[in-house]
There are 2 protein chains.
Amino acid sequence: MTQRGRRTARISGDDRQDAILSAAERLLTARSLDDISIEEFAHGAGISRSNFYFYFRSKDEMLLALLDRVIAEVNHRVASLPRDFGRDPAEAWRQSIGVFVEVFSEHRAVSTAAITARVRSPEVLALWTEAMQTWVDYSTEIITAERARGAAPDGIASADLAVTLNLMNERVLSATFGSEKLAVNQDAVLDVLATIWVRTIYGVVPT
Amino acid sequence: MTQRGRRTARISGDDRQDAILSAAERLLTARSLDDISIEEFAHGAGISRSNFYFYFRSKDEMLLALLDRVIAEVNHRVASLPRDFGRDPAEAWRQSIGVFVEVFSEHRAVSTAAITARVRSPEVLALWTEAMQTWVDYSTEIITAERARGAAPDGIASADLAVTLNLMNERVLSATFGSEKLAVNQDAVLDVLATIWVRTIYGVVPT
DNA sequence: TCACTCTATAGACACCGTGTCGAGTAGATC
DNA sequence: GATCTACTCGACACGGTGTCTATAGAGTGA
């Protein structure tokens, strides 16, 4: 987690920065990043609009700070997952995907804001892509290992599979927790995603 | 395709409107909708900025006109597809998905612009969602039929499957043809998507 | 106690893109 | 030739962003 914002690391004033971030995450649950002006974020934290720029260079940089924390949490939870795919592969995949479902659900405001903002902001795109790359690499590695031990059939390159399935998760979670009209029910989404992953990776089509 | 723009349907002036749309689609291949000001679209069609408003109420409404045409093309091509899933299901799905791959590829500028704009514009969202709904219904129907004739196993509700797989296609095609860093190669994307659809719908996991 | 320094704050300003309004032009039709 | 109407543009107002400058106030050392 790099140092976002322009302040040097000091004791006082951190609470103000945190206040801005808290206010921001709260405001983002109701409306989108574009709909909320910097003035609103500032007033939400009890400061003037121009003073906002003392803490963050722009709205996007504020979002980066929020996103940093969410990504760190996912990575922390993924890292502490048991990597035992030998005993019950379906359950192991389900647990991995479950981490994303949970964190996305808890921080849906930040996640959806990031997905929206990445098309406009190269920095947000870079941070998001870097995180996705980590998860894609993780998935690729496991798929390859599963094939090597004969548990999964060959076919599509594991890297392509990993990219596609991760993009699917991103889009579906975004739709579901963003309350889009075309989405899967929150209670069912983990089942659906896990099933598709498992059938895609291990499934064979009877002829 | 409803009447976009504010002009009443008349003979002359349609070419101007078309000129704007052509210029727009050309400009959109290089930069995003947000990056291009109305002034640029107008000058691209040889008119002044304020005159743009004579033809379209806003940038988004211009996009709607572009999107109308793309969606109509997809639907037309999907409708003229043979619906024979009995003989070779994998090939039939591949052809259906192929329509989306081709049209998305040909009109990638409009498609990606629409995907970006829908988060901001309720009208774009409505049009896009309506189109997606059509394709989801189409997919759901076929999956249900395939299960009914015993060709596909039960499990996840076919509607959930259809939504998820269609969202996957949307995201992956957007990534691939938008030249995102994390994407599938253009030559491989149809193979990958078709494989996932088929394995998900027909595949069984050996125990 | 008195400067001095550095963080923190806000008001004022300039800029850019959007959308509206009203005045004006050109070509067809009577 | 009058007029009607589609069409065109310049000028304006608005809202959001980002910068610059002045200054308040807390901590620090002589």
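Chain letters run A, B, ... following the sequence lines, proteins first, then strands; residues in each count from 1.
- Between the P atom of C:dT20 and the CZ atom of B:Phe54 lies a distance of 14 Å, rounded to the nearest Å.
- In the set C:dG19, C:dT18, C:dT9, C:dG19 carries the atom at the smallest distance from any side-chain atom of B:Ser58.
- Which of D:dT17, C:dA10, C:dA8 sits closest to the side chain of A:Ile47 comes down to C:dA10.
- Listed nucleotides D:dG16, C:dT18, C:dA8 differ in distance to A:Ser37; the shortest reach to its side chain belongs to D:dG16.
- When the nucleotides C:dA10, C:dG19, D:dT8 are ranked by their closest atom to the side chain of B:Ile38, C:dG19 comes out on top.
- Here D:dG16 presents its P atom at 16 Å from CG of B:Asp34, a figure rounded to the nearest Å.
- Whole-Å rounding puts the B:Phe41 CZ to C:dG19 P distance at 12 Å.
- In this structure a side-chain-to-backbone donor-acceptor pair under 3.5 Å is present from B:Lys59 to B:Ile36.
- Checked against D:dC7, C:dA10, C:dT20, the side chain of B:Tyr53 finds its nearest nucleotide in C:dT20.
- Nucleotide C:dA8 holds its C1' atom 15 Å from the CZ atom of A:Phe56, rounded to whole Å.
- Between A:Glu40 atom CD and D:dG16 atom P there is a gap of 8 Å when expressed in whole angstrom units.
- B:Tyr55 has its OH atom 12 Å from the C1' atom of D:dC9, to the nearest Å.
- Within the 4.5 Å cutoff, side-chain heavy atoms of A:Leu33 are placed close to those of A:Asp60.
- Side-chain atoms of B:Arg49 stay outside donor-acceptor range of the base of D:dG10, with no qualifying N/O pair under 3.5 Å.
- One atom, CD of A:Glu61, and another, P of D:dG18, lie 11 Å apart when rounded to the nearest Å.
- Between A:Arg16 and C:dT9 there is a side-chain N or O to OP1 or OP2 distance below 4.0 Å.
- Between A:Glu141 and A:Arg83 there is a salt bridge, since a side-chain N of the basic residue sits under 4.0 Å from a carboxylate O of the acidic one.
- Counting any heavy atom pair closer than 4.0 Å across all strands shown, A:Ser50 reaches a base atom.
- In this structure, B:Asn51 atom CG and C:dG19 atom C1' are separated by 14 Å, rounded to whole Å.
- The shortest side-chain heavy-atom distance between B:Glu73 and B:His107 falls under the 4.5 Å cut-off.
- No option in B:Leu67, B:Ile20, B:Ile38 other than B:Ile20 meets the side chain to side chain contact (heavy atoms under 4.5 Å, CB included) test with B:Met62.
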